Trainee: 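Provided herewith is a single structure, encoded as C-alpha cells, for subsequent inquiry.
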Protein chains: 2
Amino acid sequence: MTETATAPAAATIADGTTGSKSEQAYQAIKARIVEGTYTPGYRLVLAAIAKDLGFSVVPVREAIRRLEAENLVKFERNVGATVAGIDPTEYLYTMQTLSIVEGAATALSAPLVGEADIARARAVNAEMRECLKHFDPVRFTRLNQDFHSVLFEHCPNPHILDLVHRGWNRLASLRSSTFRFVPGRAHESVDEHEALLKLIETGADADTIEKAARLHRSATLDAYLSQTNPQDNTP
Amino acid sequence: MTETATAPAAATIADGTTGSKSEQAYQAIKARIVEGTYTPGYRLVLAAIAKDLGFSVVPVREAIRRLEAENLVKFERNVGATVAGIDPTEYLYTMQTLSIVEGAATALSAPLVGEADIARARAVNAEMRECLKHFDPVRFTRLNQDFHSVLFEHCPNPHILDLVHRGWNRLASLRSSTFRFVPGRAHESVDEHEALLKLIETGADADTIEKAARLHRSATLDAYLSQTNPQDNTP
DNA sequence: CCAGTATGTTTCGTATACGATTTCGTACCT
DNA sequence: AGGTACGAAATCGTATACGAAACATACTGG
C-alpha cells in the first residue's frame with residue numbers, strides 16, 4: 001500500500017528478473033530518496049553511487065535523468081544532481097497540483113471502490129484517529145497516504161494515476177508532511193476522511209466527490225500557509 | 001506561441017550556447033517528433049540518430065530517456081525506442097487528463113489574463129472561424145493550440161503549466177487532432193471559445209471557468225468517441 | 001592585510017569498445 | 001510444402017577512458 005510505483009508501465013517489473021542495471025539504479029535511488037536515506041539537498045555523486053551499487057556510471061546517469069524528469073532530483077549542468085528538497089514555494093505548487101489531480105483521480109475511482117475498500121480505508125482512518133493521542137507525524141503521514149491510496153488507486157486513467165503518484169513521491173521527501181507543523185490539522189483531516197468515505201459509499205456524484213477530495217487537500221495546504229505566513233520566498 | 005517548451009527551467013536555453021549535447025539531442029529529437037518528421041511508430045535507432053546529429057550514442061540515449069519519461073517515445077528493453085503513436089485508448093487517457101489539468105490551468109490563469117490577451121485570443125478565434133470555410137485540419141489545430149495557450153499560459157503554478165504542455169505535446173503527434181475525424185466539432189469549438197472568453201472577460205469565478213474549459217475539451221473527446229464507437233482495444 | 005590570479009582536485013560529459021540480446025533470413029528436416 | 005532450428009546481422013546495454021568544466025585552495029602582488 002505504501003508502495004508507490006511511478007515507473008511507466010513498460011518498466012514495471014515484479015518478478016525476480018530485476019531488469020536492466022539502469023532500471024535497478026533507478027529503483028534503488030528512488031527508494032533511498034523516498035525512504036529518506038538520501039535527504040533533500042543530498043549530493044548525488046555519480047561515481048560514488050555507481051561504486052556503491054556495483055556498476056558503472058552510465059546506468060546511474062540514466063537513472064538520474066529519469067528521476068530528474070520526475071522532479072525528484074535537481075540537476076545542474078557540469079555540477080551534478082542533488083535530491084530535490086521542497087522549499088515552501090515548491091510545496092505550495094506541489095500541493096496545489098496534487099489537490100487537482102488527486103481530486104480528479106478520487107472522483108474517477110469512486111465508482112470502482114468496493115465495500116472491502118471502504119472498510120479498509122475506514123480501518124486505516126481509525127488507526128489515524130488512534131494515532132492522534134501519542135501524536136507521531138511520520139506514522140500519521142504514512143497512514144494518511146495509505147488511506148488516500150485506497151480511494152484513488154482504482155482510477156481507470158493511468159496517466160492521472162501516475163500524476164498522483166508523482167505528487168505523493170515528491171511530498172515523501174519531507175517525512176512528516178504538514179502535520180508536524182500544523183498538528184491541529186490532523187484532527188480535522190480525520191473527520192474529513194470519514195465524510196469523504198460517506199460520500200463515496202452513498203454514491204455521490206463525481207463532481208461532489210472531486211470537490212470534497214480537492215478541498216480536503218487544499219485545506220491542508222491552507223493550514224500550512226496560514227501557519228508560516230511570514231515566509232515568502234518567490235523563486 | 002506555437003512554441004511549447006516542456007524542458008524544466010534549468011534546461012531552458014535561449015542564447016546561442018545550446019547547452020550539452022544531451023540537451024541538444026533532446027531538443028532536436030523532440031522537435032522532429034512534434035513537427036512530424038518522425039511520425040508515430042517511427043523507429044528511433046540510437047546509432048542512426050547519433051550519426052545524423054554528429055555525436056555519439058550516449059547523449060542520444062539520455063535524450064531518449066527523457067522523452068520516454070514525457071511519454072513521447074515508447075521504450076522497450078533490448079529492442080529500442082519508437083515514437084509513441086497514440087492509439088484510441090491513449091488518446092482518451094490523454095485528452096481526459098488534459099481536460100482536467102488544462103481546466104485548472106485556465107481557471108488559475110484567468111485573473112491574470114489582460115485585455116491584450118483577450119484581444120489576441122479573439123483574433124485567433126476569428127482566424128479559426130475563417131478557417132472553417134476552406135477547412136484545413138492541421139492549420140485549425142495549430143490555431144486551436146494558439147488560442148488556448150493565450151488562456152492558460154499565465155497560470156502561476158509552473159507544475160500545472162508543465163503538465164498542460166506535456167499533454168499538448170503528446171497530442172501534437174497526431175497532426176490534426178480530432179477535427180479531421182469530426183469536422184462538425186470545429187464549429188461548436190469556435191463558439192465555445194467565444195463563450196469562454198466572455199466568462200474570463202466578465203471575471204467569472206474560478207470554478208465556472210474551470211468547468212467551462214474542462215467541458216470544452218471533454219466535448220471534443222466525446223465527439224471523437226461517438227464517432228469511432230466500434231473500436232475498442234483496451235490495452 | 002586584502003584582492004586577484006594561478007593551480008590542483010573533484011566531478012561531470014562524451015567517445016569508443018565490446019559483450020549481450022533480439023530479430024530476421026535461410027536451410028534443413030518431416 | 002510447411003514448420004522448426006540454426007546462424008548472421010542489427011541493435012542495444014554497459015564498462016572503461018579521457019577531456020572539460022567547476023569548485024576549493026594557495027600563492028603572489030599591491
Side-chain angles (χ1 to χ4, degrees), chain A residues 7-13 15-30 32-33 38-69 71-84, chain B residues 7-13 15-30 32-33 38 40-69 72-84:
Chain A
T12 305
I13 286 152
D15 52 69
T17 318
T18 327
S20 68
K21 300 201 176 177
S22 168
E23 177 68 22
Q24 285 178 257
Y26 170 76
Q27 299 288 357
I29 300 173
K30 188 170 85 170
R32 293 185 193 181
I33 293 176
Y38 294 158
T39 55
Y42 185 94
R43 184 120 184 255
L44 298 170
V45 179
L46 292 179
I49 297 177
K51 187 157 65 76
D52 183 40
L53 293 176
F55 24 77
S56 107
V57 298
V58 180
V60 177
R61 277 183 68 89
E62 282 189 20
I64 287 186
R65 278 311 233 246
R66 282 174 65 185
L67 292 167
E68 181 197 9
N71 288 319
L72 276 175
V73 311
K74 198 158 60 75
F75 200 82
E76 208 172 340
R77 152 115 185 182
N78 278 326
V79 172
T82 56
V83 176
Chain B
T12 306
I13 285 150
D15 52 68
T17 319
T18 326
S20 70
K21 300 201 177 177
S22 168
E23 177 67 22
Q24 285 178 257
Y26 170 77
Q27 299 288 356
I29 299 173
K30 188 169 87 170
R32 292 184 194 180
I33 292 176
Y38 293 158
Y42 185 95
R43 187 126 180 250
L44 298 170
V45 180
L46 293 178
I49 297 176
K51 189 158 67 77
D52 183 41
L53 293 176
F55 25 77
S56 107
V57 297
V58 179
V60 177
R61 277 184 68 90
E62 281 189 22
I64 287 186
R65 277 313 232 251
R66 283 174 65 185
L67 292 167
E68 182 197 7
L72 277 176
V73 309
K74 198 158 62 75
F75 201 81
E76 207 172 340
R77 153 118 191 191
N78 279 324
V79 172
T82 57
V83 176

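Just so it is clear, the structure is predicted and the values come from calculations on it, not from any experiment. Each chain gets a letter, A, B and so on, in the order the sequences are listed, and its residues count up from 1.
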Trainee: Distance check needed: dA10(D) P versus Glu76(B) CD, whole Å only.
Mentor: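 To the nearest whole Å, that distance equals 21 Å.
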Trainee: Walk me through whether Ile49(B) and Tyr38(B) qualify under side-chain contact (heavy atoms from CB on, under 4.5 Å).
Mentor: CA-CA 11 Å; Ile49(B) 297 176; Tyr38(B) 293 158; 4.3 Å; yes
Trainee: I need the CZ-C1' distance between Arg43(B) and dT11(D), as an integer number of Å.
Mentor: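 Interatomic distance, CZ of Arg43(B) to C1' of dT11(D): 7 Å.
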Trainee: Assuming nearest nucleotide by heavy-atom distance, tell me which of Asn78(A) and Ala47(B) is located more 5' along DNA chain D.
Mentor: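 The residue mapped nearer the 5' terminus is Ala47(B).
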Trainee: For Val58(B), which contact category applies under a 4.0 Å heavy-atom criterion: base, sugar-phosphate, or nothing?
Mentor: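 Val58(B): base contact, heavy atoms under 4.0 Å.
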Trainee: Taking the side chain of Ser20(B) as heavy atoms from C-beta outward, which of dC12(D), dG13(C), dT16(D) is closest to it?
Mentor: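 The listed nucleotide nearest to Ser20(B)'s side chain is dG13(C).
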Trainee: Starting at CG of Leu53(B) and ending at P of dG13(C), how long is that distance when rounded to a whole Å?
Mentor: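 Nearest whole value for this atom pair: 18 Å.
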Trainee: How many Å lie between CZ on Arg77(A) and C1' on dA21(D), as a whole number?
Mentor: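 For the pair Arg77(A) CZ and dA21(D) C1', the rounded distance is 8 Å.
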Trainee: When we call it a touch if two heavy atoms are under 4.0 Å apart, what does Ile64(A) touch: a base, just sugar-phosphate, or nothing?
Mentor: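 Touches nothing.
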Trainee: Out of dC12(C), dC23(D), dT11(D), which nucleotide sits closest to the side chain of Val45(B)?
Mentor: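 Shortest atom-to-atom distance from the side chain points to dT11(D).
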Trainee: Please identify which of these residues, Arg65(A), Arg66(A), Lys30(A), Glu68(A), meets the side-chain contact (heavy atoms from CB on, under 4.5 Å) condition with Val73(A).
Mentor: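 Among Arg65(A), Arg66(A), Lys30(A), Glu68(A), the one that satisfies the side-chain contact (heavy atoms from CB on, under 4.5 Å) with Val73(A) is Glu68(A).
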Trainee: Applying side-chain hydrogen bond (donor to acceptor under 3.5 Å, both in side chains), can you list everything that pairs with Arg43(A), at least two apart in sequence or on another chain?
Mentor: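 Once residues adjacent in sequence are excluded, Arg43(A) has no partner under the side-chain hydrogen bond (donor to acceptor under 3.5 Å, both in side chains) criterion.
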Trainee: Could you check how far NZ of Lys51(B) sits from C1' of dT14(C), rounded to whole Å?
Mentor: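 Rounded to the whole Å, the gap is 19 Å.
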Trainee: Leu46(B) CG to dT14(C) C1': how many Å, rounded?
Mentor: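 To the nearest whole Å, that distance equals 15 Å.
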Trainee: Any side-chain heavy-atom pair from Tyr42(B) and Thr82(B) closer than 4.5 angstrom?
Mentor: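 Not touching, per the 4.5 Å side-chain cut-off.
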Trainee: What is the distance from CZ of Phe55(A) to P of dA20(C), rounded to the nearest Å?
Mentor: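 Rounded to the whole Å, the gap is 17 Å.
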Trainee: When the distance from NZ of Lys21(B) to P of dG13(C) is rounded to whole Å, what number comes out?
Mentor: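 To the nearest whole Å, that distance equals 13 Å.
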